[in-house]
Amino acid sequence: MTFYILLVVLVVGLFFIAYKYPTTEKAISLTLLGIIILIGGFRDRIGWDYNSYTNWYLYGTRDDGLEFGFLGIMQVFRYLNFDYHFLFFFFSFFTYVFAYLGVTRYTKKSSLPLVLYVLIPVLFLGSFTYIRQLLSVAIAFYAFSFLLDKKYLNYFLLMFVGVSIHYSCLLPFFFFFIVFKWGEGINSCHLYVLMGITFIFGQIGVIHWLGLLFKDSHYLFYVSTKFAIVTPLLKLLVINTMGFLIICYYDKCGFQHPHQKYLLLLYVCSILVLNLFMESVELTRLYIYFRIFEIILVAEIFRAALVKKRFWLIGFVCCFYLLPYFRAIHIDYKMEHKKSKLTPYKSLLFK
């Protein structure tokens with residue numbers, strides 16, 4: 001656990017250097033990218049699905065059921081006789097590079113969004129386990145910037161790659177387009193109402209009714225409550241509270257750039273998905289495609305809070321990220337008889 005504490009201290013310290021000396025912003029951002037590539041790319045037996053991916057690569061145990069993009073990458077690596085460690089490095093490298101490229105497309109001050117990327121457990125720590133989906137998330141995050149610029153070919157090609165890596169990328173493929181096409185007419189009141197309605201319906205138990213609807217379908221796996229892990233109510237309340245504050249901030253202060261409204265709409269979609277499908281781990285994983293936009297929105301709010309010395313807001317944001325981060329590490333640390341845990345951190349560089 002000490003390793004992850006030192007990581008937080010390091011990345012936060014680098015941000016404050018960039019904040020104090022703005023001319024170092026680019027260098028600090030590239031340094032942060034290098035750090036997360038070294039940590040994620042050279043990890044050894046880290047990530048709960050690590051053994052599963054190793055077996056798929058070495059023995060082809062799931063070749064028939066895997067997305068063609070991921071399978072194609074594995075087949076090339078097998079043909080070249082690359083070690084399975086290279087597979088993890090490859091996916092980690094491009095996950096973080098696409099995330100970095102996306103950040104730089106949305107903002108010139110990229111250091112703080114990268115720090116937030118590290119602190120949100122489902123993003124950086126999640127990339128140790130959900131290696132295919134998190135790569136697709138990063139690609140989709142980057143691709144949306146081209147949709148905003150109306151570079152449709154770039155958008156479709158990138159999203160096609162994302163879908164080839166993980167089929168779940170089909171959801172943002174269409175939904176991003178819907179938000180881009182009709183999002184201009186949505187205001188903050190609509191967002192508050194949608195958050196409230198989805199929260200209520202989620203508490204009623206949408207997954208239960210979907211389970212009845214798909215009881216004779218292969219989709220039952222995604223909506224079954226048999227092995228469900230319900231999202232804690234406290235987590236839902238905190239995330240909805242953060243969403244409320246972010247909407248309030250932009251409603252009051254306005255958007256500095258036109259694209260920020262679209263990022264806000266996509267971010268709120270993450271809350272709607274989490275509210276509705278709180279009983280299904282498989283479905284709530286879809287919210288990652290939308291939550292990643294939070295790192296751009298909150299970074300601007302945090303910087304403004306630093307300038308105006310709004311310490312209550314600074315404290316809330318710090319608690320919002322640091323407490324879940326260390327809780328995730330603590331839970332992993334306390335787990336017994338679990339292979340490929342996050343803790344203790346192990347690296348190929350340390351051997």
Side-chain angles (χ1 to χ4, degrees), residues 1-47 88-89 91-104 106-129 131 134 137-138 141 291-292 294-303 305-307 311 314-333 340-351:
M1 184 178 294
T2 303
F3 174 84
Y4 295 99
I5 295 174
L6 294 175
L7 173 62
V8 170
V9 172
L10 175 61
V11 298
V12 172
L14 286 171
F15 158 68
F16 278 107
I17 293 174
Y19 179 77
K20 182 70 174 178
Y21 306 101
T23 56
T24 65
E25 179 71 41
K26 183 72 172 181
I28 293 296
S29 297
L30 288 172
T31 301
L32 287 168
L33 175 62
I35 289 171
I36 62 177
I37 287 175
L38 286 174
I39 293 172
F42 289 99
R43 69 188 187 279
D44 183 28
R45 300 185 305 280
I46 295 287
F88 293 100
F89 178 83
F91 275 85
S92 296
F93 177 85
F94 282 102
T95 297
Y96 308 139
V97 166
F98 276 116
Y100 171 80
L101 292 174
V103 167
T104 56
Y106 297 118
T107 179
K108 293 180 179 179
K109 298 177 179 179
S110 52
S111 60
L112 184 53
L114 290 174
V115 172
L116 297 180
Y117 180 87
V118 171
L119 293 180
I120 297 176
V122 78
L123 293 178
F124 181 58
L125 297 181
S127 70
F128 295 176
T129 294
I131 68 170
L134 266 295
V137 167
F141 176 62
R291 188 175 181 188
I292 192 172
E294 174 186 317
I295 65 177
I296 305 297
L297 299 167
V298 174
E300 180 177 324
I301 296 174
F302 191 80
R303 283 182 175 274
L306 285 174
V307 171
F311 297 110
I314 294 171
F316 177 81
V317 172
C318 290
C319 290
F320 181 81
Y321 290 106
L322 293 177
L323 292 179
Y325 177 87
F326 288 117
R327 179 177 179 272
I329 297 299
H330 179 73
I331 290 174
D332 180 88
Y333 179 75
S340 303
K341 296 200 305 178
L342 304 179
T343 54
Y345 177 78
K346 299 176 289 293
S347 173
L348 297 172
L349 300 176
F350 299 157
K351 286 187 174 182

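Positions are given from 1 along the sequence. Any value given below was found using the heavy atoms of this structure, including those in side chains, with hydrogens, waters and symmetry copies removed. Being a predicted model, the structure only gives us computed values, none of them experimental.
Considering all non-hydrogen atoms of both residues, Phe91 and Ile131 come closest at CD2-O, 3.8 Å. The nearest pair of heavy atoms linking Ala138 to Thr95 is CB-O, 3.3 Å. Among all heavy-atom pairs drawn from Phe350 and Tyr345, the shortest one is CE1-CE2, 4.0 Å. The minimum heavy-atom distance linking Ile292 with Ile295 is given by the pair O-CG1, 3.0 Å. Across Thr107 and Pro113, no two heavy atoms sit closer than the pair CG2-CG, 4.1 Å. Minimum interatomic distance between Tyr4 and Leu342 (heavy atoms only, all atoms of both residues): OH-O, 2.5 Å.
At least one side-chain heavy atom of Phe128 sits less than 4.5 Å from a side-chain heavy atom of Ile39. Side chains of Ile329 and Ile5 form no contact here, defined as non-hydrogen atoms less than 4.5 Å apart. Looking at Val103 and Tyr117, their side chains never come closer than 4.5 Å, going by heavy atoms from C-beta outward.
Of the possible donor and acceptor atoms, one in the side chain of Arg43 sits under 3.5 Å from a partner among the backbone N and O of Gly40. A distance-only check finds a donor-acceptor pair linking the side chain of Ser29 to the backbone of Ser111 [under 3.5 Å]. In terms of modelled atom types and a separation under 3.5 Å, the side chain of Ser92 and the main chain of Phe89 share no donor-acceptor contact. No side-chain donor-acceptor contact under 3.5 Å links Lys346 to the backbone of Ile46.
Shown are Phe326, Phe320, Tyr325; of these, the side chain to side chain contact (heavy atoms under 4.5 Å, CB included) with Leu322 is made only by Phe326.
Here the CG-CZ distance, from Leu297 to Phe302, works out to 15.5 Å after rounding to the nearest 0.5 Å. Rounding to the nearest 0.5 angstrom, the gap separating the CG atom in Leu119 from the CG atom in Leu125 is 9.0 Å. With rounding to the nearest 0.5 Å, the separation of CZ in Arg327 from CG in Asp332 is 12.5 Å. Between the CG atom of Asp44 and the OG atom of Ser340 there is a distance of 9.0 Å, given to the nearest 0.5 Å. Here CD1 of Ile296 is found 9.5 Å from CG of Leu112. Values are rounded to the nearest 0.5 Å.
With sequence neighbours left out, Glu294 forms a salt bridge (charged side-chain N to carboxylate O under 4.0 Å, His left out) with Arg291. Looking at residues two or more places apart in sequence or on another chain, you find a side chain to side chain contact (heavy atoms under 4.5 Å, CB included) between Thr129 and Trp48, Asp49.
Phe124 and Tyr96 have their aromatic ring centers within a separation under 6.0 angstrom. Checked against the 6.0 Å centroid threshold, Tyr106 and Phe141 count as a close aromatic pair.
Summarising the local packing, NZ of Lys109 is surrounded by 12 or fewer heavy atoms from other residues, nucleotides or ligands at distances under 6.0 Å. By the neighbour-count criterion of 12 heavy atoms within 6.0 Å, atom CZ of Phe3 is densely surrounded, having more than that number from other residues, nucleotides or ligands.
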Using the rule given for side chain to side chain contact (heavy atoms under 4.5 Å, CB included), can you reason through Ile35 versus Leu7, listing the C-alpha separation, both sets of side-chain angles and the distance that settles it, and then say yes or no? CA-CA 9 Å; Ile35 289 171; Leu7 173 62; 4.1 Å; yes
May I have the step-by-step check of side chain to side chain contact (heavy atoms under 4.5 Å, CB included) for Arg303 and Val307, ending in yes or no? CA-CA 6 Å; Arg303 283 182 175 274; Val307 171; 5.7 Å; no
Given Val298 and Tyr321, is the side chain to side chain contact (heavy atoms under 4.5 Å, CB included) satisfied, shown in steps? CA-CA 11 Å; Val298 174; Tyr321 290 106; 3.3 Å; yes
Distance-only donor-acceptor hits, side chain of residues 9-18, under 3.5 Å, sequence neighbours excluded:
none

